Amino acid sequence: MRVDVRDSGVWQKTLTIEVPAEELDADFEAVIEDYRRKASLPGFRKGKVPRNVLEQQFGHSLEHEVLERAVKRSYESAVRDQKLEPISFPEIGKITFDRGKPLSYEAKVEVKPEVTPKNYEGLELPSRDTEVPDDAIDRALNDLRERAAQWVDVDRPATDSDALLVDYARMNAKGKPVRRSEQKDAQIELAASGLLPEFKQHLVGRKAGDHVTFDVTYPEEFGNEELRGRTVPFAVQVKAVRERRLRDLDDQLAVDLAGMRDLAELRARIRLNMEGESRLALQREQDESLAEQLVERNPFDLPESMVAEYLEDLLQRLNREGREMTGEEADRFRNEYRPHAEKRLKRDLLLDALARVERLEVTEEEIDQAIRAAAQGELNEAETERLLRHEGQRDRVRAHISERKALGLLRERAKAKSLIVTS
């Protein structure tokens with residue numbers, strides 16, 4: 001087989017491929033045998049149809065299948081031998097195909113960009129203070145108190161910050177409860193953001209033992225189609241009024257909620273956690289800054305098919321998450337998100353190339369350790385072993401580790417630039 005490769009565009013290759021007649025003859029024989037096994041023609045037993053009859057009956061189909069087989073096999077072989085990485089389906093053209101003669105055709109295909117990163121020494125490494133101020137610790141402690149607040153029954157009318165323990169039901173036109181609408185011992189928080197306004201209006205000021213009926217109008221965008229836009233009566237029996245009480249910020253709170261010895265130890269633990277999160281946030285900011293500088297210093301164009309496929313993958317992911325879009329919305333998304341997609345693709349290509357240029361290898365042991373660490377506490381041993389053998393998962397982990405190593409190298413060779421942020 002003869003293969004000629006030439007550049008025909010930015011990241012586009014045109015392969016001129018010639019397949020010897022001998023290979024085509026072998027393909028003809030294989031296809032004819034397939035047809036003979038499957039063909040069922042009047043007057044012939046299955047598998048016994050003569051060759052000349054098959055060629056007369058299925059001549060065009062035979063040639064079409066031979067052509068498909070030869071093009072698929074020869075194209076894949078040519079791409080493999082030429083060490084190309086296609087990122088699009090080939091555009092096949094200029095086909096010359098006659099019995100007894102070589103097959104020739106052209107295949108145009110976009111390939112993965114081959115980039116060589118430059119000027120990546122001495123990038124700017126932004127820095128800032130990662131210490132956590134005392135008032136941030138105070139806010140965290142107050143958040144903890146808020147989450148630990150308790151609802152306590154009180155003997156007084158309800159205010160708009162209270163909760164009510166109630167039995168309620170929707171009522172029909174005859175004043176009877178609607179089937180399956182009754183709720184027992186439901187707690188209604190009057191300050192809840194999603195509470196329909198009629199509930200708050202008619203329940204503030206009520207006390208234990210009160211019975212009240214009122215109409216509720218559901219908004220047009222309400223989730224339940226049965227109730228959307230309707231006005232329906234409700235009957236509510238108030239069983240208790242509850243007040244939200246915060247616990248004292250003391251040593252007992254630290255013991256009960258966090259298992260700490262006292263409040264001082266709880267403060268110290270919160271500070272340690274928050275400063276760790278602050279350092280991780282700074283590292284993420286630094287990584288993104290280093291990657292952005294790398295892209296800025298190494299400009300290049302991307303294959304259109306690569307950007308288009310990236311955007312389509314994002315759209316499909318959004319659809320799977322339930323965020324379906326109209327055709328117009330999808331087009332707007334592609335246009336608006338395209339700059340980010342291009343930047344992300346360039347970032348990934350450059351970091352991958354950097355790891356290759358700097359020989360930052362990822363060992364199989366490193367992949368095993370990363371998978372086991374991620375699975376710990378989430379998967380059992382059998383599930384972890386299946387994940388360890390999953391080639392797709394191993395490739396994803398390999399790429400992630402390689403990226404971390406590339407960013408680590410940029411960090412080592414960067415020059416620090418202080419960007420201290422004060423609160």
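Computed from a predicted structure; not experimentally measured.
- Residues Glu342 and Val295 fail the side-chain proximity criterion, which asks for heavy atoms closer than 4.5 Å.
- Salt bridge annotation for Asp301-Lys346: absent, with no cationic side-chain nitrogen under 4.0 angstrom from a carboxylate oxygen.
- Counting only heavy atoms from C-beta outward, the side chains of Asp250 and Leu263 never approach each other to under 4.5 Å.
- A salt bridge links Asp134 to Arg271: one of the charged nitrogens lies within less than 4.0 Å of a carboxylate oxygen.
- In summary, Glu361 and Lys405 do not engage in a salt bridge, as defined by a charged side-chain N under 4.0 Å from a carboxylate O.
- With contacts defined as side-chain heavy-atom distances shorter than 4.5 Å, the pair Arg267/Ile270 does not qualify.
- The local environment of CD in Glu124 is crowded, with over 12 non-hydrogen atoms from other residues, nucleotides or ligands closer than 6.0 Å.
- Looking at Asp135 and Arg139, a side-chain N of the basic residue comes within less than 4.0 Å of a carboxylate O on the acidic one, giving a salt bridge.
- Taking the ring axis of Tyr310 as reference, the NZ or CZ atom of Arg344 does not stay both within 45° of it and closer than 6.0 Å to the ring centre.
- The side-chain heavy atoms of Glu329 and Arg323, taken from C-beta on, include no pair separated by under 4.5 Å.
- Enclosure of atom CZ in Arg269 is not indicated, since only 12 or fewer non-hydrogen atoms of other residues, nucleotides or ligands lie within 6.0 angstrom.
- Taking the charged nitrogens against the carboxylate oxygens, Arg242 and Glu189 have no contact shorter than 4.0 Å, which rules out a salt bridge.
- Between Glu18 and Arg2, at least one side-chain nitrogen of the basic residue sits less than 4.0 Å from a carboxylate oxygen of the acidic one, meeting the salt-bridge criterion.
- Side-chain atoms of Leu388 and Gln393, non-hydrogen and from C-beta on, never get closer than 4.5 Å to each other.
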Run Arg73 and Glu23 through side chain to side chain contact (heavy atoms under 4.5 Å, CB included) and show every step you take. CA-CA 11 Å; Arg73 183 185 66 250; Glu23 285 192 28; 3.2 Å; yes

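- Salt-bridge formation is detected for the pair Glu226/Arg170: a Lys NZ or Arg NE/NH1/NH2 atom is positioned less than 4.0 Å from an Asp or Glu carboxylate oxygen.
- Around atom CZ of Arg413, more than 12 heavy atoms belonging to other residues, nucleotides or ligands sit under 6.0 Å away.
- Exactly one residue among Gln293, Gln286, Glu292, Glu285 makes a side-chain hydrogen bond (donor to acceptor under 3.5 Å, both in side chains) with Ser289. That residue is Gln293.
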